[in-house]
Amino acid sequence: MSDTVRLHYEEQGAGQPVLLLHGYPLDHTIWRAQMAALSDSFRVVAPDLRGHGQSPAPAGEYAMETLAADVAALLDRLGIAQAVWVGHSMGGYVALAALRTMPERVAGVVLCASHPFADPPDKAQARRDNARRALAEGTAAVVGGMLASLFRPDTNLESIPAHRVRTIMLGTPAQGVAGVLLGMAARRDAVDLLRAPAPPKAIIAGRDDQIIRLTDLQALTAQLPHLSLRVLDDAGHLPMIEQPDATTAALRDLLSYWKR
Ligand code: MLT
């Protein structure tokens, strides 16, 4: 793992290790409420993924497997053999990449406002175009218009949580934005990984997510009876911020059940 980067992270609590992975273009602080609450029973580790927050942002494409390898190197540093990987959106793609490449490090997967599907060709192309744009024009040119789509419709974008999210997004280095856009465009479909009942896996979704269609998740879980789907009301693509208590409760419920 010589090409991994040393991730910035926060850690709290003791017990079964739980990783909280943020999505694009965010950082670990989106999980602040869940980290504070779940650390009463779990060892919670929340890193900034490569290219985000205070972690390094090297040049090049960031494959989801590379992001997962960075996280595994962090687990090594912390002496953690195996964790439950909770991934928000792109963080979920990273959790699935870990499940594919290093299943021995994965005690369970929770996809939070995330899914296992690859990009359709037009979306992959749009990401590659935006990666070029980020490098040429900067982060704001690409992420500046994204805020409204992250929250449920009719959210006040002048609210404190929305300001917080905007600040995190605009602080993401252009190299990080480009790196993950290229990596997400290239990622493979991971539905096959969800077919096996072990390790346990679940999805938490916002009913009003404007980025990930609930009907796609419902169709997926209808085919995979062991894959549970928890739908949170009054939440969009950021359930951990829009409905922090309900998100914590859903996570606590899953993690406690899987621990038995
Ligand atoms: C995220 O929130 O991480 C992104 O919306 C993921 C994506 O663009 O597929």
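Every heavy atom of this structure was used, including side-chain atoms; hydrogens, water molecules and symmetry mates were not. Along the sequence shown, the residues carry numbers beginning at 1.
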Trace of the side chain to side chain contact (heavy atoms under 4.5 Å, CB included) decision for His226 with Leu194: CA-CA 9 Å; His226 59 269; Leu194 299 178; 5.6 Å; no
Contact between [X] and [Y] at the side-chain level, heavy atoms closer than 4.5 Å - yes or no?
X      : Y      : answer
Tyr24  : Leu181 : yes
Arg105 : Asp76  : yes
Leu26  : Leu238 : yes
Leu74  : Val45  : yes
Ser55  : Pro47  : no
Leu78  : Arg43  : yes
His8   : His28  : yes
Arg32  : Glu10  : no

[X] [atom1] to [Y] [atom2] distance, which is reported to the nearest 0.5 Å:
X      : Y      : atom1 : atom2 : answer
Leu182 : Arg187 : CG    : CZ    : 13.0 Å
Leu20  : Ile30  : CG    : CD1   : 9.0 Å
Leu224 : Leu229 : CG    : CG    : 11.5 Å
Ile203 : Leu217 : CD1   : CG    : 5.0 Å
Met102 : Trp85  : CE    : CH2   : 5.0 Å
Leu193 : Leu99  : CG    : CG    : 5.0 Å

Qualifying residue, where the test is side chain to side chain contact (heavy atoms under 4.5 Å, CB included) with Arg213 and the options are Ile211, Asp209, Asp216: Asp216
Partner of Val94 under side chain to side chain contact (heavy atoms under 4.5 Å, CB included), chosen from Asp70, Leu19, Leu67: Leu67
Over all atoms of both residues, closest heavy-atom pair of [X] and [Y]:
X      : Y      : value
Leu96  : Ala190 : CD1-CB, 3.9 Å
Gln223 : Pro225 : O-CD, 3.4 Å
Ser114 : Gly92  : OG-CA, 3.5 Å
Val5   : Pro56  : CB-CG, 4.0 Å
Ala134 : Val142 : N-CG2, 3.6 Å
Val109 : Ala95  : CG1-CB, 4.1 Å

Whether the side chain of [X] engages the backbone of [Y] through a donor-acceptor N/O pair (distance < 3.5 Å, no angle test) should be reported.
X      : Y      : result
Arg230 : Thr247 : no
Gln34  : Pro244 : yes
Thr248 : Ala37  : no
Glu242 : Arg152 : yes
Lys123 : Pro121 : no
Asp208 : Gly236 : no
Gln82  : Glu104 : yes
Thr155 : Phe151 : no
Ser228 : Ala202 : no
Thr167 : His163 : yes

Short N-O contact, Arg127 and Asp122, less than 4.0 angstrom: no
NZ/NE/NH1/NH2 to OD/OE distance under 4.0 Å, Arg252 and Asp40: yes
Residues that Arg164 engages under side chain to side chain donor-acceptor pair (under 3.5 Å), provided they are two or more places apart: none
Parallel, tilted or perpendicular: rings of His52 and His22 (30°, 60°): tilted
Mutual orientation of the aromatic rings belonging to His88 and Trp31 [parallel < 30°, tilted 30-60°, perpendicular > 60°]: perpendicular
Residues which pass ring pair (Phe, Tyr, Trp, His ring centres under 6.0 Å) with Tyr257, listed by chain and number, not counting sequence neighbours: none
Path from Met240 to Leu147 over hydrophobic side-chain contacts below 4.5 Å: yes
Steps toward side chain to side chain contact (heavy atoms under 4.5 Å, CB included) verdict (Gln175, Leu135): CA-CA 6 Å; Gln175 191 59 69; Leu135 293 177; 3.8 Å; yes
With a sphere of 6.0 Å drawn around [atom1] of [X], does it hold more than 12 non-hydrogen atoms of other residues, nucleotides or ligands?
X      : atom1 : answer
Arg166 : CZ    : yes
Arg77  : CZ    : yes
Asp192 : CG    : yes

Chi angles and distances behind the side-chain hydrogen bond (donor to acceptor under 3.5 Å, both in side chains) call for Ser149, His237: CA-CA 8 Å; Ser149 65; His237 194 59; over 6 Å; no
Evaluation steps, side chain to side chain contact (heavy atoms under 4.5 Å, CB included), between Val18 and Val86: CA-CA 7 Å; Val18 176; Val86 178; 3.9 Å; yes
Test side chain to side chain contact (heavy atoms under 4.5 Å, CB included) applied to Val191 and His115, step by step: CA-CA 9 Å; Val191 172; His115 64 82; over 6 Å; no
